[in-house]
Amino acid sequence: PPSDANHLALFIPEPDNLTGTAATLNANSNGLLSRALSAQKFDGKPGSYAVIYGLQDIATVMVFGATTSSLTNVELHNLGGKIAKAVGTDLDGDKVVVHADTLKSDLTEISAHLAFGYQLQNYRFDKYQTKRTNNTGEVVFVSTNAQQSQDAYTNDLQYLAGGIYLTRDLASEPGKNIYPQAFVDRVNAQFKGVRDIDIDVLTLRDMKKRNMGALMGVGQGSIHDPRMLVIEYKGADKNEAPIVLAGKGITFDTGGISLKRNSGMWAMKSDLAGAAAVAGTVYAAAKRGEKVNLIGVMPLAENMPAEDAIRPGDVLNTMQGTTIEVISTDAEGRLVLADAVYYAQQEFKPKLLLNIATLTGSAARALSHEYAAVITRDWDLSLQMMKIGDKIGEAVWPLPLHENHFEQIKSDIADIKNSGAGNPGASIGAAVIGTFIDEKQPWVHLDIAGVDWYNSDTDTVPVGSSGWGVRFMDQLVRDMK
């Protein structure tokens with residue numbers, strides 16, 4: 001190990017058969033590493049962990065178990081996250097060297113994927129804390145194919161991590177600091193200098209011209225006017241149809257006149273997680289120069305109770321012309337997306353339209369933190385989405401969209417109603433949005449209400465906003481470009 005390393009991280013799948021750096025360190029310490037592992041009953045199985053202090057001149061040697069079989073990218077990300085947990089965030093100038101020479105993978109950029117996982121776990125939203133950790137140390141990942149790993153991280157994975165950080169930042173900010181125009185300003189700043197990007201912002205005046213009554217209705221009870229942020233990334237031939245990602249951006253959701261209970265309402269600052277994930281995904285693709293035309297559409301509104309807020313029983317007109325009876329003002333995400341997805345189809349003629357939203361408690365109750373809900377009209381497309389989720393570690397599970405769900409949302413006084421149509425709630429929400437999707441349009445609906453915020457951490461997600469959807473949509477873009 002380098003002489004200036006304060007801490008060393010090793011992967012030892014077989015403690016009785018040390019190889020690579022571990023074998024060298026054991027030989028140089030006259031077998032002390034082996035004896036220490038034996039004393040701690042370290043078995044080398046995945047998930048096992050041991051710390052050895054004061055071995056030679058190294059303050060700590062962190063030892064992780066690992067499989068002897070070939071590791072996938074997701075498994076490498078998780079190992080990187082385990083290292084970050086072990087190291088902690090208070091490095092205070094120390095240097096950590098991670099040796100990956102005992103790991104096996106069909107991927108040549110092992111260190112890059114370890115570093116990516118480390119970065120995801122290492123996220124902290126501490127800007128409002130007066131006492132912050134001193135994260136000024138250095139973490140170095142060492143493996144074969146070092147240059148390929150360096151290139152993969154520098155030219156690709158660091159931007160994906162940056163997109164996830166942007167998403168988590170936006171979803172973690174207090175509602176008073178992130179309102180529709182503030183969201184626009186923050187994302188504009190992130191995209192400053194990024195090539196092949198066009199940004200358009202629809203104001204209230206623009207929405208009125210287009211008769212976006214659903215989006216305007218949700219935002220009219222707030223002192224902050226709604227916005228529609230549209231980011232176009234032109235990375236392919238101009239004649240190639242784009243992929244369009246539309247994300248729900250409720251910057252704070254009180255429920256409106258259908259007021260939520262106080263318990264847990266603080267978390268509604270993250271009801272913009274879908275829009276934030278769209279911004280993060282477009283950022284990652286644009287920064288690495290992906291050969292694709294990709295468009296992010298983010299309808300932004302703050303759902304507040306006020307003397308001029310919409311009421312249950314009101315009827316809203318939409319850009320499509322379909323009228324919506326408001327049964328609950330707390331079923332607002334499907335309203336803003338109704339105008340957004342119709343606008344996206346009219347303006348961009350996408351080859352795929354995906355919308356992502358923290359839409360229903362129903363999806364969270366059905367699938368918990370293990371899966372986001374995916375709803376489509378096309379079963380083969382659902383299966384394709386499941387494969388994408390498995391490939392990148394953000395799993396989805398299909399929920400149905402039946403013709404009866406469209407019957408259930410018919411209104412007595414308008415064309416459709418936004419709520420109050422019975423079970424299943426996640427499918428009913430999707431049917432409202434689906435009303436504004438052309439039946440021939442390839443369309444994917446993601447309900448991330450159960451996965452956007454974690455109360456306990458995983459290997460790659462600390463407690464708080466997960467940034468869910470950036471990795472999934474990024475992989476979709478790679479697969480479908």
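Only a predicted model underlies this, so the values are computations on that prediction, with no experimental measurement involved.
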Partner residues of Lys269 under the side chain to side chain donor-acceptor pair (under 3.5 Å) criterion, sequence neighbours left out: none
Any side-chain donor near an acceptor of the partner, Thr358 and Asp452, under 3.5 Å: no
With Phe183, the side chain to side chain contact (heavy atoms under 4.5 Å, CB included) member among Met298, His224, Arg227: Met298
Asp474 versus Thr281, side-chain donor and acceptor atoms under 3.5 Å: no
Side-chain (Asp447) to main-chain (Ala363) donor-acceptor, under 3.5 angstrom: no
Donor + acceptor pair across side chains of Ser465, Ser270 (<3.5 Å): no
Donor-acceptor side-chain pairing of Asp101 and Thr21 below 3.5 angstrom: yes
Counterpart residues, salt bridge (Lys or Arg N to Asp or Glu O under 4.0 Å), relative to Lys387 (two or more places apart): none
Partner set under side chain to side chain donor-acceptor pair (under 3.5 Å) for Ser222, not counting sequence neighbours: Glu302
Heavy-atom pair of closest approach, residues Leu353 and Ala344: CD1-CB, 4.3 Å
Pair Lys291 + Asp237: basic N to acidic O under 4.0 Å: no
Heavy-atom neighbours of Lys176 NZ exceed 12 at 6.0 Å: no
Which residues share a salt bridge (Lys or Arg N to Asp or Glu O under 4.0 Å) with Asp457, sequence neighbours left out: Lys85
Donor-acceptor side-chain pairing of Thr60 and His7 below 3.5 angstrom: yes
Polar side chain donor-acceptor pair, Gln147 to Asp151, under 3.5 angstrom: yes
Set of salt bridge (Lys or Arg N to Asp or Glu O under 4.0 Å) partners for Arg471, sequence neighbours left out: Glu394
Asp253 side chain to Asp271 backbone, donor-acceptor under 3.5 Å: no
Asn355-His445 side chain donor-acceptor pair, cut-off 3.5 Å: yes
Residue pairs passing the ring pair (Phe, Tyr, Trp, His ring centres under 6.0 Å) test where at least one lies in residues 24-53, sequence neighbours excluded: Tyr49-Phe64
Under the ring pair (Phe, Tyr, Trp, His ring centres under 6.0 Å) test, residues paired with Trp468 that sit two or more places apart: Phe472
Under the side chain to side chain contact (heavy atoms under 4.5 Å, CB included) test, residues paired with Ala22 that sit two or more places apart: Leu10, Ile12, Leu18, Leu33
Carboxylate-amine/guanidinium proximity below 4.0 Å for Lys287 and Asp156: no
Side chain to side chain donor-acceptor pair (under 3.5 Å) partners of Asp390, counting only residues at least two apart: none
Lys45, NZ: over 12 other non-hydrogen atoms inside 6.0 angstrom: no
Between CD1 on residue Ile433 and CG on residue Leu337, distance to nearest 0.5 Å: 4.5 Å
Pairwise side chain to side chain donor-acceptor pair (under 3.5 Å) hits with a residue in residues 157-171, at least two apart: Tyr123-Asp169
Thr108-Asn145 side chain donor-acceptor pair, cut-off 3.5 Å: no
Lys41 atom NZ: more than 12 heavy-atom contacts under 6.0 Å: no
Any residue meeting side chain to side chain donor-acceptor pair (under 3.5 Å) with Lys234, in chain and number order, not counting sequence neighbours: Asp198
Set of salt bridge (Lys or Arg N to Asp or Glu O under 4.0 Å) partners for Glu109, sequence neighbours left out: none
